[in-house]
Amino acid sequence: MIEILSETPLATVQDLGRFGLLNQGVGTSGAMDPLALAAGNLLLGNEADAAAIEVQVFPFAVRFHEPCAFAVTGADCAARLQDQPVLPWWAGQAAAGDSLTLRRPEGGTWRGSRAYVCVAGGFAVPPVLGSRSTQLRGAFGGHEGRALRQGDRLAAGAPGTGNRPTGFGLVPPAFAMPLQREGCTAVRVLPAAEYERFTKAAHEALWSAEWKITPHSDRYGYRLAGPSLRPTAPIELRSHGIVPGVIQIPHGGQPIVQMRDAQPSGGYPKIGTVIEADLWRLGQAPIGSRIRFVACTWDEAVAAFEETERWAARVRRLAALHAERGT
Amino acid sequence: MPIAEAEQIAAWLAGTDIEFLELRSADGCLTLRRQGNDVAISREGAPAPQEAAREITVTAPSVGVFLHRHPLRDAPLVRPGDTVPAGQILGLLCIGPLLLPVAAPRAGTVARMWAAHEEVVGFGSPLVELLATEGTGDHGH
Amino acid sequence: MTLGEASTSLLGSTALLFEAPGETDLPTQQRIWVLAAEAETWPEVREAVPGINNLMIAFRRPPAKLDDILERLRSCWATVAPMPLHGRVIELPVTYGGPDGPHLPDVVAHTRLSIDDIVAIHSEPLYPVYALGSHPGYCYLGGMDPRIATPRRKVPVLSIPGGSVSIGGSQTGVSASAGPSGWNTIGRTSACFFDPVRDPPALLRPGDAIRFRVSEVIR
Amino acid sequence: MFRTVLIANRGEVALRIQRACRTLGLRTIAVHSTEDAEAPHVRHADAAFCIGPAPARRSYLDQTAILFATEVSGAEAIHPGYGFLSENAGFARRVEAAGLTFIGPASASIATMGDKIAARNAMREAGISCVPGSDGPLPDEAAAAMELALRIGYPVLIKATAGGGGRGMRVVAGPSDLAPALALTKEEARQAFGNDAVYLEKLLEHPRHVEIQVLADHHGHAVWLGSRDCSLQRRHQKVLEEAPAPGIDEGIIAEMGERCAAACRRTGYRGLGTFEFLVEDGRFYFIEMNTRLQVEHCVTEMITGIDLVQWQIRVAQGEKLDLAQRDIRCTGHAFESRINAEHPGTFAPSPGRVAAWDLPGGPGVRVDTHVSQGSVISRHYDSLIAKLVVHGSTRADTLARLQLALDEMRVGGIATNLDLHRAIVRDPDFVAGGVDIHHLERRLAEGGLR
């Protein structure tokens with residue numbers, strides 16, 4: 001059993017998402033940084049999509065009521081197991097009674113905003129409609145369909161001391177697959193249906209401006225601040241399916257990027273969509289930071305998707321090789 | 001040495017002419033002394049340490065790229081002069097996406113880094129020189 | 001009748017959007033449902049999601065080549081016949097106006113109709129379920145009288161309760177659970193629109209129909 | 001297409017592969033144990049990585065260590081050489097899974113050929129006959145084995161499915177010995193290989209060991225490159241090889257060669273491979289296929305003039321084999337003496353420092369070795385220190401060159417089997433050609449060849 005010690009809000013149980021139910025009105029949910037969640041699981045020998053806790057407000061602390069292997073990935077939050085530091089993107093072994101504390105991510109060489117606490121076997125919350133991720137709007141999935149609260153107790157799928165080594169880690173994908181433009185995190189974007197209905201100035205601004213992530217940004221969507229993007233004429237659309245990554249431009253002209261808890265349909269004009277392979281970069285971009293959009297082609301988007309797949313496959317393979325040799 | 005064993009020895013001793021027995025081991029010193037028909041048992045910690053430090057060269061457990069600092073951190077994991085407990089991570093070996101720890105085999109002071117940050121090393125390459133302080137146990141009498 | 005060409009556009013590398021030409025009407029929507037059922041059998045398609053006059057095709061993984069799937073969509077659209085209507089009719093009692101219909105005055109202001117007219121016009125038709133979306137169990141309904149069409153709100157409301165009946169543009173709908181909305185809430189009903197342990201979890205599916213029964217009007 | 005090859009081996013074969021890579025303009029990465037830090041394969045490589053301590057289990061056989069070195073070095077292909085991991089299907093599978101090129105056949109081919117029964121079945125389907133025997137693992141009932149053994153005719157051989165290289169075999173002379181021998185072999189196999197499946201085979205009394213070298217590409221082309229005779233063996237270890245196999249009708253060899261090449265095409269085999277046969281009374285019986293480069297590949301290189309290792313790498317790069325069967329001409333004769341650091345009487349390894357090292361020379365003489373004066377022969381690895389290969393126009397001429405070369409070669413500081421080789425090449429039966437696989441052991445037992 002793992003007990004939530006902190007009162008910090010907005011931590012949720014997530015996996016890689018719930019798919020195939022958009023036509024029931026059910027969005028995908030899932031980790032804002034799916035690479036970090038998958039990496040933490042792979043360090044522990046779990047399936048990549050095992051459930052973990054996504055932490056977005058710090059400090060955050062849990063107590064292990066039994067021995068359990070764990071991994072902390074995502075933002076560097078100076079984790080500590082009791083008084084021992086735990087390196088970022090690292091697997092460790094907790095003893096019964098140990099507490100794991102995550103602090104607010106600070107500078108360093110890469111600043112993330114969300115950390116993942118993974119445990120051996122994943123968190124054993126019941127799967128709902130094929131996933132263990134929390135569907136906040138539908139109030140199901142995850143732990144009782146809600147964010148975690150102090151005192152909540154979650155079971156690990158495979159607690160104990162196991163025979164798989166811990167005490168090793170991974171190079172974060174921000175280093176393995178860096179993407180920056182002029183010092184900002186960059187994300188690649190494919191133009192969407194209404195792209196051509198925006199002004200030339202809007203097009204230029206979209207690709208050249210720095211977009212600040214405003215405090216009104218969360219798992220549902222990121223509201224960005226920057227130049228106002230205007231259509232050449234008012235656009236009224238009929239509702240249609242949308243996916244995480246869609247950049248909508250409401251009347252005010254300030255973009256909203258749909259994120260993992262976004263509703264699966266919408267009707268605001270879409271200027272573009274952040275490609276799937278780069279959503280994790282956005283998921284880790286802290287409030288107040290600036291990002292840039294980079295135009296890309298379909299072939300580049302496919303290549304980027306395959307690159308992240310290869311990265312995960314390599315992590316899985318090398319972690320397994322290391323585990324096999326033991327420590 | 002477990003108490004049960006010490007008592008067993010004391011029982012044997014009681015049936016002999018031996019007045020005094022001192023057993024020394026890495027764990028400490030056990031003294032058995034006849035006092036009439038009884039045998040008194042006393043124990044001490046490990047013998048007083050040789051104060052001289054011992055040099056230990058920490059070597060690479062595998063092929064890899066030696067890192068002085070974690071990729072997410074600006075500061076090195078340790079610096080020469082740092083005192084470290086046994087098990088402390090002194091550096092990392094980067095193998096593709098993997099990071100394997102290079103840990104201090106015992107407590108001591110970091111004397112120098114043999115391998116540079118981001119140097120490619122092989123199994124057995126010297127990485128860190130540690131001055132291990134022996135006998136860090138209690139010195140009581 | 002359809003005028004002009006259907007269009008397709010990308011939703012990143014995750015999905016593509018097929019938009020049927022012409023006005024929103026039931027026959028077009030009936031063809032969208034058939035196209036959705038067909039597309040869901042294609043190996044690269046994770047899910048086909050009907051919208052209003054459109055269809056989103058979500059990929060299992062981004063296919064290396066798009067031309068093939070685009071061609072299949074076009075040729076399939078050219079041949080599909082409307083799906084016959086044989087859905088269920090669900091009757092929902094609605095309390096119009098008051099605290100549960102806070103934007104009814106905005107609809108009044110925009111349409112220049114009286115509350116009674118708006119309620120009468122809104123509760124008159126049999127609304128076919130065009131599509132599900134927005135949030136678990138939510139239905140987009142066709143068939144709203146254009147006289148009560150009211151644009152989406154400039155500033156979305158952070159949370160409206162489950163069961164809220166609302167108008168957004170030329171559409172009407174009922175929220176299945178509490179959450180934010182950019183539509184104009186004119187009343188409220190109660191029903192369990194979504195239950196994750198039910199199969200399928202949503203109460204309604206495209207092709208079903210809703211009738212709003214006026215249970216109370218608060219002026 | 002790969003540009004950098006990691007050579008997961010040591011000794012002469014690592015050097016041989018390095019040479020082939022160089023001729024193709026490829027970068028070479030060496031891996032080595034702490035013991036081999038000064039070895040020539042380390043010195044000559046473009047980059048070298050120490051992967052573990054001396055015992056091969058923790059270095060040359062440590063798959064994790066080798067794959068880690070591949071990651072760090074950026075190598076895109078792995079050449080396993082012979083021995084060590086060269087026929088480990090699991091290793092080949094891992095190399096493939098890593099998106100790297102395993103310079104050798106597909107892991108599935110290695111797995112099939114590594115399973116004796118599966119290999120026999122594959123060959124039978126390709127029209128290649130095997131030694132008569134059970135066509136699968138023996139059932140547990142002794143009665144069935146008895147009946148089968150009678151049908152095949154005694155003496156018979158019990159072999160572990162997972163065995164090889166002489167391990168997990170037992171000869172049964174008559175019916176009364178069968179049941180206990182079966183039980184014993186199964187128990188040994190279970191302990192040695194974790195698999196107690198055994199099969200039965202007719203024991204041939206005077207067979208020769210003849211093998212056919214093949215080379216296949218990824219495009220469905222396969223050729224065979226003549227025969228080799230490796231009958232001179234001690235404890236199933238080859239001592240001296242020659243090409244072509246003497247005294248066998250060329251037409252029969254050609255027919256077997258064609259069948260082997262056809263089997264490669266049929267099974268989608270690619271790379272170098274060797275079909276090993278027992279030959280008795282002019283009949284070929286398939287025993288196993290080696291899915292790798294072999295120690296004795298040099299004799300084939302000498303008679304065909306083809307750089308086999310270079311071709312092995314080229315087909316691994318996806319290159320089309322532009323050698324047609326008619327382009328392959330075998331000219332002359334070649335021998336290879338395996339010079340080992342071992343004690344003449346006991347055959348026990350003789351590790352130590354090489355104090356003197358004089359190599360022979362002259363026309364048609366080739367020495368593949370990693371040793372030089374001052375080298376230290378480790379007790380941790382096999383005792384092969386040099387391959388003395390000679391080529392000449394006829395078998396008699398070549399044998400004369402081999403005799404001379406062996407006489408010229410001087411090794412000091414360690415014991416070697418040079419004298420054994422000197423005696424073999426003067427043995428009348430060997431000089432006559434066509435001795436069987438028991439010849440060497442028989443002579444040694446008689447106290448000959450001293």
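Per chain, numbering begins at 1; letters A, B, ... match sequence-line order. Note that the structure is a prediction, hence the values are computed from the model and not measured.
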Original post:
What is the distance from atom CG of B/Leu98 to atom CZ of A/Arg317, rounded to the nearest 0.5 Å?
Top reply: 9.5 Å

Subject >> Under 3.5 Å donor-acceptor, B/His70 side chain and A/Leu87 backbone >> reply: no

Original post:
Which atoms form the tightest heavy-atom contact between B/Arg73 and A/Pro88, and what is the distance?
Top reply: NH2-CD, 3.5 Å

Original post:
Are there more than 12 heavy atoms of other residues, nucleotides or ligands under 6.0 Å from atom CD of A/Glu47?
Top reply: no

Original post:
Does CZ in B/Arg112 sit with more than 12 non-hydrogen atoms of other residues, nucleotides or ligands closer than 6.0 Å?
Top reply: yes

Subject >> Which portion of B/Leu93 sits near chain A, non-hydrogen atoms under 4.5 angstrom >> reply: neither

**OP:** Determine whether B/Ser62 and A/His322 make a side-chain contact, defined as any pair of heavy atoms from C-beta on separated by less than 4.5 Å.
**Re:** no

Original post:
Does anything in residues 172-183 of chain A get under 4.5 Å of chain B by heavy atoms, and if so which residues?
Top reply: A/Pro172, A/Phe175

Subject >> Smallest separation among heavy atoms of A/Val171 and B/Pro71, with atom names >> reply: CG1-CG, 4.4 Å

Original post:
Can you find a heavy atom in the side chain of A/Trp89 that is under 4.5 Å from one in the side chain of B/Leu72?
Top reply: yes

Original post:
So how far is it from B/Leu92 CG to A/Trp90 CH2, rounded to the nearest 0.5 Å?
Top reply: 5.0 Å

Subject >> Non-hydrogen atoms of A/Arg314 and B/Gly96 that approach each other most closely >> reply: NH2-CA, 3.5 Å

Original post:
If you measure from CG on B/Leu100 to CG on A/Leu170, what distance do you get to the nearest 0.5 Å?
Top reply: 10.0 Å

